[in-house]
Amino acid sequence: MARRYWLMKSDPDTFGLPELKKSPKKTTEWDGVRNYQARNLLRDEIRVGDGVLFYHSQLSPPRVVATAEVVRAGYPDPTQFDRRSPYFDARSRSEDPRWYAVDIRLVKEFAREVGLPELREVAGLEDMVLLNRSRLSVQPVTSAEWNIITNLGRGEINLGR
DNA sequence: GCCAACGTTGGC
DNA sequence: GCCAACGTTGGC
């Protein structure tokens, strides 16, 4: 199966690139997602080896800061069963988990962060989910979009147009 | 900090 | 099943 690509958002006040870099094996559990559409992607679509654009929301401007890779596919998000977690969900049963997580590993920090206003201007990204349905915290990225954005992140001229 | 977009809840 | 009220996300 062809490698697929995703954009995953993180609030850097909670967990950002510095924390990812410091994590063991530069790997983290990407958890806490409490939206059903995003859950379905985590549970059913995202596979080991898929590429991830690591995105910082809540910044001015919000920006893509790194690439990562899925190293563990969807599994029940442990935080939903943890009463001390802000993501605890009393209605979820362990035999029928409601929420899923994946593990991602940092691959490459961008040489140049790519901000949202720039993404809006680049030819070839007009249909990005990020630019049209902004609130989804994990969303599909096409291979063409992936190539354009990772080129921008390398600081090279964008050849995608 | 504000507020628009939009997802979820719950009364009917 | 509809939809108003409410809560959250996230850009600005």
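Numbered from 1 within each chain, the chains take letters A, B, ... in sequence-line order. The model shown is predicted, which means the values in this text are computed figures rather than measured ones.
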- Length of the CG-C1' vector between A/L136 and C/dG10, whole Å: 13 Å
- Message: Between A/K9 and C/dT9, is there a contact of a side-chain N or O with OP1 or OP2 at under 4.0 Å?
- Response: no
- Message: Does any part of the side chain of A/Q139, heavy atoms only, come nearer than 4.5 Å to the side chain of A/K9, both counted from C-beta?
- Response: yes
- Item | Donor-acceptor contact present, side-chain A/K26 to main-chain A/V107, <3.5 Å | no
- Message: How many whole angstroms separate atom CD of A/Q139 from atom P of C/dT9?
- Response: 15 Å
- How long is the line joining CG of A/L119 and P of C/dC12, in whole Å? 11 Å
- Other residues, nucleotides, ligands: >12 heavy atoms within 6.0 Å of A/R93 CZ: no
- Query: Rounded to the Å, how far apart are A/H56 NE2 and C/dG10 P?
  - Reply: 13 Å
- Whether each nucleotide of nucleotides 1-6 of chain B has a protein heavy atom under 4.0 Å at its base (B), only at its sugar-phosphate (S) or at neither (-) is summarised, 5' to 3', as ----BB
- Query: Do A/Y55 and A/L130 touch side chain to side chain, with heavy atoms closer than 4.5 Å?
  - Reply: yes
- Query: Within a strict 4.5 Å, meaning less than it, do heavy atoms of the A/P140 and A/R4 side chains meet?
  - Reply: no
- Message: What is the separation between atom CD on A/E118 and atom P on C/dC12, rounded to the nearest whole Å?
- Response: 14 Å
- Message: For A/Y100 and A/D44, which I'm curious about, is there any donor-acceptor pair between the side chains at under 3.5 Å?
- Response: no
- Message: If you take any heavy atom closer than 4.0 Å to DNA chain B, which residues from residues 33-42 of chain A end up in contact?
- Response: A/N35, A/Y36
- Which part of the nucleic acid, if any, lies within reach of A/R63 when heavy atoms closer than 4.0 Å are counted: base, sugar-phosphate only, or nothing? nothing
- Item | Atom-to-atom span, CG of A/L130 to C1' of C/dG11 - whole angstrom | 11 Å
For residues 56-72 of chain A, which side-chain N or O atoms pair as donor and acceptor with protein atoms under 3.5 Å away, sequence neighbours left out?
{"residue": "A/H56", "atom": "NE2", "partner": "A/L17", "partner atom": "N", "Å": "3.0"}
{"residue": "A/R63", "atom": "NE", "partner": "A/P61", "partner atom": "O", "Å": "2.9"}
{"residue": "A/R63", "atom": "NH1", "partner": "A/E113", "partner atom": "OE1", "Å": "2.9"}
{"residue": "A/R63", "atom": "NH2", "partner": "A/S60", "partner atom": "O", "Å": "3.2"}
{"residue": "A/R63", "atom": "NH2", "partner": "A/P61", "partner atom": "O", "Å": "3.1"}
{"residue": "A/T67", "atom": "OG1", "partner": "A/K108", "partner atom": "N", "Å": "3.4"}
{"residue": "A/T67", "atom": "OG1", "partner": "A/K108", "partner atom": "O", "Å": "3.4"}
{"residue": "A/E69", "atom": "OE1", "partner": "A/R105", "partner atom": "NH2", "Å": "2.8"}

- Minimum side-chain heavy-atom gap A/V138-A/I46 below 4.5 Å: yes
- Do A/Y5 and A/E145 have side-chain heavy atoms sitting under 4.5 Å apart? no
